[in-house]
Trainee: 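Quick one: the structure is below, and I'll ask about it shortly.
Within every chain, numbering begins at 1; the chains are lettered A, B, ... in the order of the sequence lines, protein sequences first and strands thereafter.
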Number of protein chains: 2
Amino acid sequence: MIRRCDVKELDGRSYRCFFELTLQVVGGKWKPIILYHLWLEKVLRFGALKKTMPGITQRMLTKQLRELEADRLISRVAYNEMPPRVEYSLTELGESVIPIFQAMRNWGMEFEKSVAGELITGEHYESVDAVE
Amino acid sequence: MIRRCDVKELDGRSYRCFFELTLQVVGGKWKPIILYHLWLEKVLRFGALKKTMPGITQRMLTKQLRELEADRLISRVAYNEMPPRVEYSLTELGESVIPIFQAMRNWGMEFEKSVAGELITGEHYESVDAVE
DNA sequence: TGCCTTAGTATCATACAGGGTACTGATGGA
DNA sequence: TCCATCAGTACCCTGTATGATACTAAGGCA
């Protein structure tokens, strides 16, 4: 029996399975890192978040934060001060995704180990080939 | 205390954390679907795999399969016949990633539910706003 | 002779995620 | 008077992932 993946549309988003939906919401280059740091520190200001992620630009950080906020994974509290102060933290929904990150992190660790083992084996075979 | 993400290099791949490594190996538009179908059906030929994924091109399917094979998540058995026959199946490493997919799938389902609820609420507020 | 099959390659085209740089506003301090 | 602060926006650019299309090999069959 062959199962097909059909396309769903919801709230301007389209996806063929829940896995893909999850990736759209919490995947990408920066979102997991943002969520993970917010989980570690509970509350972070925009500038502090930026410091934890060397390489991200203000433009990208703003964009990712806006999307996470729109999906209600994080909450944004702006204090009407000058200079501005804005604090970000995880919502309950945001916290619920952390165990998945940890599972993926663990899998990545095991994968790295197995690749490291493979590389050593590869070198062995290489030297054997070189002898022939 | 602020924690930083440093970049690692392994086997021509670069990543800042194990989560990112995992995404590089099993993320993307097609790889999860390929792995999931292989898990359901145990063994699939190239053509059968293609039929389960309407929308994928041969070029993309080949590319994804090659990468998954290089990372040893799937195994490829080619029979020397004409027309050709090639069978794909999950390796042990490939099977080990399935529980993560299921966790992401469940999270996606819950997220969809909560968004659907939000949409209904949104409509409610909209009509209230319209009255004012 | 010509057409069907399968599992691909090769070539060219495109969309979108992500990135670089400059600019803003209101205030406190030198 | 000038500069620093913070949390952004506006505008433009690039690279990679992905896609469309055409082509191949070797045999069976009409």
Trainee: Round to a whole Å and report the spacing from CD of B/Glu81 to C1' of C/dT6.
Mentor: 11 Å
Trainee: Checking contacts here: which listed nucleotide (D/dA20, C/dA7, D/dT18) is nearest the side-chain heavy atoms of B/Trp30?
Mentor: D/dT18
Trainee: Counting side-chain heavy atoms from CB outward, which of D/dA20, C/dA7, D/dC6 is closest to B/Thr57?
Mentor: D/dA20
Trainee: For A/Leu61 and D/dA7, give me the distance from atom CG to atom P, rounded to whole Å.
Mentor: 10 Å
Trainee: Whole-Å distance between C/dA17 P and A/Arg13 CZ?
Mentor: 11 Å
Trainee: OP1, OP2 of D/dA7 versus side-chain N and O of A/Arg76: anything below 4.0 Å?
Mentor: no
Trainee: Base, sugar-phosphate or nothing for A/Lys63? Non-hydrogen atoms, less than 4.0 Å.
Mentor: nothing
Trainee: Looking for any heavy atom pair under 4.0 Å, which part of the strands does A/Arg59 touch: base, sugar-phosphate only, or nothing?
Mentor: base
Trainee: Which nucleotide in the list D/dG8, D/dT18, D/dA22 gets nearest to the side chain of A/Tyr88?
Mentor: D/dG8
Trainee: In this structure, how many angstroms lie between the C1' atom of D/dA17 and the CD atom of B/Glu67, rounded?
Mentor: 10 Å
Trainee: Quick one, B/Met104 and A/Leu23 - any side-chain contact, counting heavy atoms below 4.5 Å?
Mentor: yes
Trainee: Choose from D/dA26, D/dG19, C/dA22 the nucleotide whose nearest atom is closest to any side-chain atom of B/Lys29.
Mentor: D/dG19
Trainee: Between A/Arg45 and B/Met82, who's closer to the 5' end of DNA chain D by nearest nucleotide?
Mentor: A/Arg45
Trainee: Is any side-chain heavy atom of B/Phe46 less than 4.5 Å from a side-chain heavy atom of B/Thr62?
Mentor: yes
Trainee: Nearest nucleotide by nearest heavy atom, which residue falls closer to the 5' end of DNA chain C, A/Gly27 or A/Gln58?
Mentor: A/Gly27
Trainee: Whole-Å distance between C/dA13 P and B/Met60 CE?
Mentor: 19 Å
Trainee: Mind checking if A/Tyr79 touches a base, just sugar-phosphate, or nothing, with heavy atoms under 4.0 Å?
Mentor: nothing
Trainee: For B/Gln24 and D/dT16, what is the distance between atoms CD and P respectively, to the nearest whole Å?
Mentor: 13 Å
Trainee: Return no unless some side-chain N or O of A/Arg85 is found under 4.0 Å from OP1 or OP2 of D/dT5.
Mentor: no
Trainee: As a test of reading the structure: which of C/dT6, D/dG8, C/dG19 is closest to the side chain of A/Arg66, going by heavy atoms?
Mentor: D/dG8
Trainee: Return the value, rounded to whole Å, for the distance between atom CG of A/Leu23 and atom P of D/dT18.
Mentor: 11 Å
Trainee: From CD1 of A/Ile56 over to P of D/dA7, roughly how many Å is that when rounded to an integer?
Mentor: 14 Å
Trainee: So if you build clusters from Ile, Leu, Val, Met, Phe, Trp, Tyr with side-chain heavy-atom gaps below 4.5 Å, do B/Tyr15 and A/Met109 land together?
Mentor: yes
Trainee: Within this structure, what is the CD1-OG1 distance for the pair B/Ile100 and A/Thr22, rounded to the nearest 0.5 Å?
Mentor: 12.5 Å
Trainee: Check the pair B/Glu112 / A/Lys8 against salt bridge (charged side-chain N to carboxylate O under 4.0 Å, His left out), numbers first and verdict last.
Mentor: CA-CA 11 Å; B/Glu112 189 193 59; A/Lys8 268 189 167 185; 3.0 Å; yes
